[in-house]
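Just so you know, residue 1 is the first one in the sequence shown, and it goes up from there. Keep in mind that this is a model prediction, so the values were computed, not measured.
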Amino acid sequence: MTVMHGNDDTGAPGRDGAAGTQGADGSARRLAAVEERLAQLEDEREITRLIASYGPLADSAEADSVAALWEPDGVYDVEGWLMTGRAEIAAMVGSERHGQWISGGCAHVVGPPRVAVTGDEAVAVCHSLMVVHGESGFTVHRATANHWRLHRSSAGWLVTYRTNRVLDGRPESPRLLASGFESGT
């Protein structure tokens with residue numbers, strides 16, 4: 001984290017409280033800079049909340065609510081199982097197999113995402129765990145790398161493409177996580 005001292009090029013005061021450019025122009029620049037920072041934080045928070053809602057919705061078999069996290073033609077790519085569109089995503093959550101996981105005791109735990117927003121597009125990466133209950137208690141069934149692409153629509157942020165890959169030593173999985181840092185943000 002960079003700690004600013006004094007003024008930046010916006011005329012906004014630095015974190016040490018030093019005054020920036022004075023006058024109406026300086027105030028307008030400072031206000032615009034604060035509004036831009038606030039909008040960025042609001043976008044990141046909305047995306048983080050969307051991603052965090054996946055596990056609880058999936059584990060409570062809310063198939064339509066899970067599917068509504070995606071664009072109508074959004075894609076969910078899980079280890080070679082490509083679901084395209086909300087109907088296919090909802091069908092996975094509503095499937096008999098998914099119901100068996102839930103009735104046996106299951107938690108889809110999604111870690112905090114690293115979010116990068118550029119205009120109306122965003123990329124987020126995170127880990128997820130599928131924890132299942134068995135005879136000897138709870139165990140991690142799988143750990144995955146997650147890459148989310150999102151788009152801001154009139155309804156807010158929605159997933160356009162989510163890719164999951166198991167973290168089992170294959171090089172593809174860590175590369176998927178690293179790809180969330182490629183934009184330099």
Determine the minimum heavy-atom distance between L158 and S153, stating which atoms define it. CD1-OG, 3.5 Å
Among residues at least two apart in sequence or on other chains, which ones pass ring-ring contact (aromatic ring centres under 6.0 Å, His included) with W157? none
Under the side-chain hydrogen bond (donor to acceptor under 3.5 Å, both in side chains) rule, collect the residues that match up with Y54, sequence neighbours excluded. Y76
If you look only at pairs with a residue in residues 79-131, which of them pass as a ring-ring contact (aromatic ring centres under 6.0 Å, His included), with sequence neighbours excluded? H98-H108, W101-H141
Reported CD1-to-CG distance for the pair I51 and L69, which is rounded to 0.5 angstrom: 9.5 Å
Compare every heavy atom of S65 with every heavy atom of L57, then report the nearest pair and how far apart it is. CD2-CB, 3.8 Å
CZ (R30) and CD (E35) are apart, to the nearest 0.5 Å, by 13.0 Å
When you compare the side chain of R142 with that of N164, does any pair of heavy atoms fall below 4.5 Å? no
Given 3.5 Å as the limit, does a donor-acceptor pair link the side chain of T118 with the main chain of E121, or not? no
Are V110 and C126 packed together at the side-chain level, in the sense that at least one heavy-atom pair is separated by less than 4.5 angstrom? yes
Short side-chain to backbone donor-acceptor contact, Q40 and E36, under 3.5 Å: no
Identify the heavy atoms of A124 and V115 that sit nearest to each other, and give their distance. CB-CG2, 4.1 Å
Closest non-hydrogen atoms of A63 and V93, given as atom of the first, atom of the second and distance, are CA-CG1, 3.6 Å
Tell me, do W148 and V123 make a side-chain contact under 4.5 Å, heavy atoms counted? no
Residues which pass side-chain hydrogen bond (donor to acceptor under 3.5 Å, both in side chains) with S128, listed by chain and number, not counting sequence neighbours: T144, N146
Scan for side chain to side chain donor-acceptor pair (under 3.5 Å) pairs involving residues 167-177, sequence neighbours excluded, and state none if there are none. E79-R170, R165-E172, D168-R170
Side chain to side chain contact (heavy atoms under 4.5 Å, CB included) partners for L41, two or more places apart: E44
For S60, all residues meeting side chain to side chain contact (heavy atoms under 4.5 Å, CB included), sequence neighbours excluded: E62
Kindly say whether Y161 contributes a backbone atom to a donor-acceptor pair with the side chain of W70 at under 3.5 angstrom? no
Quick note, salt bridge (Lys or Arg N to Asp or Glu O under 4.0 Å) partners involving residues 45-57, not counting sequence neighbours, are none
Quick one: salt bridge (Lys or Arg N to Asp or Glu O under 4.0 Å) partners of R152, sequence neighbours excluded? D43, D120
I need the single residue from D77, L176, L177 that forms a side-chain contact (heavy atoms from CB on, under 4.5 Å) with H147. Which is it? L176
Quick one: are I89 and V66 in side-chain contact, heavy atoms under 4.5 Å? yes
Can you list, pair by pair, the side-chain donor-acceptor contacts under 3.5 Å of residues 129-138, counting residues two or more places apart and other chains?
none

With sequence neighbours excluded, tell me which residues meet side chain to side chain contact (heavy atoms under 4.5 Å, CB included) with Q100. E96, R97
List the residues meeting side chain to side chain contact (heavy atoms under 4.5 Å, CB included) with T160, not counting sequence neighbours, and say none if there are none. E71, R149, H151
